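To start, the structure itself, in structure tokens.
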Amino acid sequence: MERLNGPDGATLLNIYGKVSLIKQCDERLIRLIRSGRLAAPYYSPRGQEVIPAAISVLLNDDDYVVTIYRGLHDHLAKGVPLKGLLAEYFGRAAGHCKGKGGPMHITHPASGVVMTTGIVGSGIPIANGLGWASQLRGDGRIAVTNFGDGASNIGAFHEGLNLAAVWKLPVIFVCQNNQWAEHTSLAGGTSVTDIANRGAAYDMPSILVDGNDARAMWGAAREAVERARNGGGPTLIEAKTFRFNGHNLGDPAHYIPEEELAAWQLRDPHPALRALLIAEGHATEAEIAAIEESIAAEIEDAVAYAMEQPYPDESEGRLDIYDEEIAI
Amino acid sequence: MERLNGPDGATLLNIYGKVSLIKQCDERLIRLIRSGRLAAPYYSPRGQEVIPAAISVLLNDDDYVVTIYRGLHDHLAKGVPLKGLLAEYFGRAAGHCKGKGGPMHITHPASGVVMTTGIVGSGIPIANGLGWASQLRGDGRIAVTNFGDGASNIGAFHEGLNLAAVWKLPVIFVCQNNQWAEHTSLAGGTSVTDIANRGAAYDMPSILVDGNDARAMWGAAREAVERARNGGGPTLIEAKTFRFNGHNLGDPAHYIPEEELAAWQLRDPHPALRALLIAEGHATEAEIAAIEESIAAEIEDAVAYAMEQPYPDESEGRLDIYDEEIAI
Amino acid sequence: MTTGTENRADERTVTCADAVQEALAEAMERDDSVIVLGEDVADLQGGGIRGCTQGLSTRFGDGRVRSTPISEQAIIGAAVGAAIAGMRPVAEIMLMNFITVAMDQIVNHAAKTRYMSGGQASVPLTIRTMTGAGAGTGGQHSDMLEAWLAHVPGLKIAVPSTAADYKALLTACIFDDNPCIFIENTLQLKSKGSLIANEKPLPLGKARIVRSGSDVTLISYGRPMIDAEKVAASLGDQGLSVELIDLRTIVPFDEETILNSVAKTGRAVVLHEAVKRFGVGAEIASRIHEELFADLKKPVLRLGMPYTPVPFSSALEKPILWNADKIEAAIRSLM
Amino acid sequence: MTTGTENRADERTVTCADAVQEALAEAMERDDSVIVLGEDVADLQGGGIRGCTQGLSTRFGDGRVRSTPISEQAIIGAAVGAAIAGMRPVAEIMLMNFITVAMDQIVNHAAKTRYMSGGQASVPLTIRTMTGAGAGTGGQHSDMLEAWLAHVPGLKIAVPSTAADYKALLTACIFDDNPCIFIENTLQLKSKGSLIANEKPLPLGKARIVRSGSDVTLISYGRPMIDAEKVAASLGDQGLSVELIDLRTIVPFDEETILNSVAKTGRAVVLHEAVKRFGVGAEIASRIHEELFADLKKPVLRLGMPYTPVPFSSALEKPILWNADKIEAAIRSLM
Ligand SMILES: Cc1ncc(C[n+]2csc(CCOP(=O)(O)OP(=O)(O)O)c2C)c(N)n1
Ligand SMILES: Cc1ncc(C[n+]2csc(CCOP(=O)(O)OP(=O)(O)O)c2C)c(N)n1
Ligand SMILES: [Mg+2]
Ligand SMILES: [Mg+2]
């Protein structure tokens with residue numbers, strides 16, 4: 001049955017392209033910040049790349065994505081153009097949000113990324129509204145909303161999932177369970193071991209998946225995307241993964257036990273997918289290296305672009321508070 | 001095993017006394033309001049009497065109860081003195097809250113009733129704080145927090161149950177599922193059929209019980225009270241019941257299908273418990289009638305008392321904003 | 001609320017609740033993107049606890065008019081999302097005190113999304129909510145919290161005082177491209193006033209000079225306007241000329257009309273239902289002082305609720321509310 | 001933050017974060033009923049993301065110092081319940097923008113319970129929260145929202161500006177029998193100041209006259225005090241005598257000190273970080289105008305953030321914040 005087929009080689013390669021872009025971009029940003037050339041709050045998604053990469057290859061450009069401060073991977077996977085993204089990190093006028101949003105608040109409607117929030121859990125109810133609009137228009141667009149394990153303990157999660165279930169909305173709730181919420185372990189704040197089990201509280205189909213396994217992640221996403229696309233309503237996906245860096249840059253994450261980190265590092269999704277592509281013959285080492293190099297070049301290009309953009313003029317700060325400037 | 005024993009006759013009679021008090025008081029209040037002699041927002045608990053009555057016989061005076069606008073049954077079952085309660089309904093100075101709270105905000109610490117809230121779901125997290133205090137002091141007090149089916153869809157429910165589970169608090173969450181949330185049916189707003197199933201989302205023991213069956217309700221409460229008392233942590237009880245009147249007085253409840261109401265009326269907990277007491281020989285018809293009459297007299301007495309109390313002086317309104325009056 | 005004259009041919013008398021319902025129905029008729037959500041708003045749930053949304057789900061379908069669970073964060077969140085997707089949602093928060101569970105969606109999301117996205121996203125939603133003291137509903141069901149929302153750049157806030165404005169201002173909110181808060185009054189919804197057919201649309205941000213006068217300016221909005229109007233009329237009969245301004249919109253508020261008036265009268269009273277301290281009146285009074293310091297004959301006087309939660313007992317609630325006597329005394333104290 | 005003199009023998013230099021930690025530790029030592037909760041506050045979670053609660057759980061036990069899930073309603077709700085049960089909880093809401101998900105517990109419950117219960121229940125809790133613009137954290141992590149809370153009768157609000165006040169005001173909040181909000185500044189927590197051993201306790205509601213003067217009164221609180229102090233000093237050197245008042249407590253605020261000062265100087269500037277419109281400055285300016293209308297030489301001037309969300313880019317954020325030049329210009333404009 002088609003349904004049971006995994007992703008083909010081209011799809012896996014496509015996923016890998018996104019994973020590599022995210023990983024390289026993350027590393028580049030960390031270098032820029034550490035070297036003092038970029039001043040921005042930064043929440044590294046290193047280790048979680050496969051989740052949005054595998055989902056995104058199943059989405060259309062106009063499908064919606066909502067994400068959080070830890071959103072670089074979600075943005076890039078969905079196709080937010082790199083130059084404007086980095087210009088936004090640098091607070092420049094050419095940033096997608098003209099420097100007003102910053103890394104925590106990326107919006108790029110053409111890629112479907114309509115909301116990046118810094119408030120834990122708040123993107124969940126917003127995704128419902130996107131799904132409602134699609135449902136009314138019958139345009140087939142679906143909404144994916146990303147959040148962490150810690151977010152599954154906040155009220156907005158509960159209200160959002162319940163409403164989506166009652167209204168049978170075309171929304172996919174993706175819990176990127178990276179085992180930590182700031183400095184608190186999963187068990188420290190969350191009363192269940194598997195967040196996927198919370199789906200039953202809403203009679204919502206739930207999928208527990210290894211978010212570091214591209215094949216499995218793609219399979220889970222496909223099930224959810226098909227359900228949403230076909231009017232079958234929402235799905236809760238819990239993708240188990242790990243946050244390889246501190247909560248934000250500057251957090252040495254001393255609270256993470258060394259063995260825990262070491263065990264997860266053995267399951268780093270990036271080398272795993274890379275090795276799989278070669279082992280299964282979807283690409284040669286040389287082909288992959290070429291992809292990686294072209295991504296590296298693209299990133300260098302975008303960094304150079306971003307850094308040479310001008311800052312927004314002070315007057316820009318007075319625009320976009322309302323649709324028209326009002327005297328107040 | 002003791003554990004499996006039901007309530008004895010004296011306990012059932014005790015429960016009945018509370019049920020009768022609640023039912024008669026409810027009817028009296030409705031007459032007072034309908035006749036224009038009392039002006040107060042009123043949310044009748046008619047049909048839900050057995051739930052708090054059966055729980056309360058298992059509680060100590062100093063165990064905490066938190067409840068909602070629809071709280072008359074919870075207040076009376078826990079032992080809030082009637083005179084001060086009715087005086088509060090009438091907005092008099094002798095009301096438990098000096099007329100400042102009103103029916104929606106009854107507090108009477110000596111009976112353990114420390115909070116009556118008008119905000120759906122908000123009593124749930126507050127009960128956790130009461131439980132935390134008990135846990136720290138090791139004083140064995142437990143907290144019971146009451147709320148409706150509709151409340152199980154609000155964020156505070158989720159946050160409250162999760163925290164209680166993580167902290168293993170001595171709190172009992174009693175969902176009085178009366179099938180309706182204002183004008184919305186259970187299915188209209190709630191994605192699960194049995195709210196008890198939501199306990200699993202917190203790894204919390206849950207009990208689904210017929211809230212109109214005194215014996216079953218007592219059994220469920222006993223299990224939860226014992227667990228809380230013995231350090232076993234929280235329990236979610238879903239007590240199925242029905243709201244025989246409109247949401248508040250004045251709501252004709254046209255939205256409730258006639259057959260649904262009729263079917264539940266056959267399961268009215270008051271006559272059922274009365275009949276059971278007689279059938280099992282715990283009391284004679286005459287004994288019960290005597291109890292009922294003495295309750296009726298007590299109510300008449302309290303109504304008369306309340307109505308002849310003076311209104312609070314205007315200056316009373318300036319007190320209790322802070323511990324000391326501050327000039328602002 | 002009364003016109004003082006016989007109805008004109010194109011005039012109808014309706015309740016404020018009807019006016020809201022008409023505004024919604026006409027907006028939904030005119031524009032498919034107008035959608036409605038909130039607790040009990042669909043007809044299966046009675047069309048709103050005050051009937052403000054009656055008939056809408058039957059007429060426009062269960063897709064566009066949806067009753068919700070008791071989940072205010074989910075309500076406003078869904079409205080934010082739908083608005084970003086290009087709809088014009090009208091969300092009802094049953095009572096204003098319940099915005100306290102949804103402030104994050106209102107403040108951090110609805111209000112800021114246009115700005116934080118650099119203008120790429122727009123959030124044309126309207127939040128209807130109801131509140132008001134004086135009905136004996138106690139501490140958690142009576143608060144006027146417009147001052148909070150006014151302190152949040154990105155929102156617009158309208159508070160109607162007549163049936164006509166219930167309709168016109170709500171219509172303006174719905175078709176405004178910014179997130180708007182529309183504050184209805186619990187006690188006023190059942191009272192009546194007249195609507196004129198095909199009245200031209202009302203812009204947000206324009207006050208109404210209810211009565212012109214030369215001795216003192218009285219500025220108010222919402223339900224207190226009823227008493228304000230009575231006092232202005234009665235003082236007028238006694239030869240004290242009050243210019244009465246109905247603010248209508250709190251953000252943006254019509255500074256021009258206020259300042260022109262006070263420049264003329266040299267005296268002003270600002271009256272609102274909300275707690276006086278840190279209330280909207282403080283901003284208005286400050287603006288008048290800042291701009292017209294030299295012209296003022298007396299300091300601007302503020303009337304509002306004393307610094308207290310709303311008590312239940314009528315014996316306590318009544319004394320803390322505005323009334324005609326207090327308004328008159330305030331005005332006289334300036335003369 | 002600098003004393004300008006050498007430390008005295010009983011004086012120590014600490015960061016504001018240390019001052020908070022000391023206040024908490026001493027309060028917990030002194031009174032068993034003082035308990036602490038919030039995200040990441042226990043030592044297993046690093047003792048707070050700014051170290052303000054470091055060591056407390058180790059010293060006083062995991063029972064009294066608890067890290068919580070990300071559940072602000074549950075945090076404040078638990079604090080309300082524990083306070084009603086007789087404890088003195090100190091709850092941390094990591095950043096002030098996150099109070100938006102907990103406003104119901106703060107406003108409808110913490111603030112009103114004493115009143116609605118007719119004085120039978122007391123809610124002696126303290127909410128510590130952190131905020132402040134200027135660090136490039138953007139629209140959802142920078143807001144000063146004290147004006148909202150000041151509009152809610154029943155709460156007290158303190159905003160420290162020196163390390164000594166971080167300790168003293170927090171201590172006062174913890175032992176106050178009313179719900180108190182204590183607002184820390186993200187950028188200031190790492191900066192240093194001096195603590196004096198056995199300083200006598202500070203009452204809430206008393207302002208501090210940082211510098212006396214005769215030409216103009218400058219009133220502020222929180223982080224802007226640093227620039228206010230610099231400007232007052234530099235203008236003093238130039239012969240313009242500024243009386244500088246650190247409000248310390250927003251509710252209740254020290255009207256007496258303010259009015260006495262302005263009665264003397266006849267001129268006032270109110271400065272705060274929050275959005276100027278509908279901000280705390282409007283109330284203060286209104287009170288001054290109301291009480292000292294005849295004594296004022298010029299209208300009271302307010303300085304605050306323009307009506308905008310906080311932008312991310314430093315090129316946009318810097319210009320909307322106060323600074324020494326703006327303060328000086330404001331003062332000079334009154335002379
Ligand atoms: C309502 C709210 N509370 C607290 C915070 C502070 N905060 C930011 S990220 C975070 C941890 C979130 O953990 P999780 O949901 O697991 O996502 P992750 O950061 O691991 O991706 C916290 C507590 C916030 N932004 N919003
Ligand atoms: C946060 C909040 N939203 C809405 C309301 C209005 N409201 C009061 S009672 C109620 C229905 C509650 O239903 P349920 O929880 O089932 O309790 P019941 O009234 O049936 O006892 C609603 C929506 C409220 N009080 N608080
Ligand atoms: Mg996480
Ligand atoms: Mg119910």
Side-chain angles (χ1 to χ4, degrees), chain A residues 119-126 128 131 147-169 171 173 175 177 180-181 183-206 208 232-236 238, chain B residues 119-126 128 131 147-169 171 173 175 177 180-181 183-206 208 232-236 238:
Chain A
I119 310 292
V120 168
S122 298
I124 295 172
I126 294 174
N128 285 340
F147 51 93
D149 45 296
S152 81
N153 298 318
I154 202 162
F157 166 89
H158 181 67
E159 296 190 9
L161 268 73
N162 181 58
L163 187 79
V166 174
W167 289 7
K168 292 214 178 314
L169 295 173
V171 178
F173 299 94
C175 178
N177 179 354
W180 290 87
H183 307 184
T184 298
S185 68
L186 184 67
T190 310
S191 48
V192 285
T193 315
D194 296 325
I195 290 161
N197 285 347
R198 292 189 162 165
Y202 317 103
D203 239 341
M204 187 186 293
S206 307
L208 179 61
T235 304
L236 170 63
E238 177 189 5
Chain B
I119 310 292
V120 168
S122 298
I124 295 172
I126 293 174
N128 285 340
F147 51 93
D149 43 297
S152 80
N153 297 318
I154 203 162
F157 166 89
H158 181 67
E159 295 190 10
L161 268 72
N162 182 58
L163 187 79
V166 174
W167 288 7
K168 292 212 177 315
L169 295 173
V171 179
F173 299 94
C175 179
N177 180 354
W180 290 88
H183 307 185
T184 298
S185 67
L186 185 68
T190 310
S191 48
V192 283
T193 316
D194 296 325
I195 291 161
N197 285 347
R198 291 187 163 166
Y202 317 103
D203 237 341
M204 187 186 292
S206 308
L208 179 61
T235 304
L236 169 63
E238 177 189 4

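These figures come from a predicted structure and were not determined experimentally. Chain letters run A, B, ... following the sequence lines, proteins first, then strands; residues in each count from 1.
- Ranking A:N162, A:I154, A:L163, A:N197 against chain B, the residue ahead of the rest is A:N162, based on heavy-atom pairs under 4.5 Å.
- Taking the salt bridge (charged side-chain N to carboxylate O under 4.0 Å, His left out) definition, one finds that B:D203 meets it with nothing, sequence neighbours left out.
- Checking side-chain atoms of B:H158 against main-chain N and O of A:S152 turns up a donor-acceptor pair under 3.5 Å.
- Contacts of A:W167 classified as side-chain hydrogen bond (donor to acceptor under 3.5 Å, both in side chains), with partners at least two apart in sequence or in another chain: none.
- Considering only heavy-atom pairs separated by less than 4.5 Å from chain B, the leading option among A:L161, A:T190, A:T193 is A:T190.
- Chain B forms the most heavy-atom pairs under 4.5 Å with one residue out of A:G199, A:G188, A:S191, and that residue is A:S191.
- Ranked by heavy-atom pairs under 4.5 Å with chain A, the first of B:A187, B:G189, B:G160 is B:G189.
- Counting heavy atoms from C-beta outward, B:F157 and B:V120 have side chains that stay 4.5 Å or more apart.
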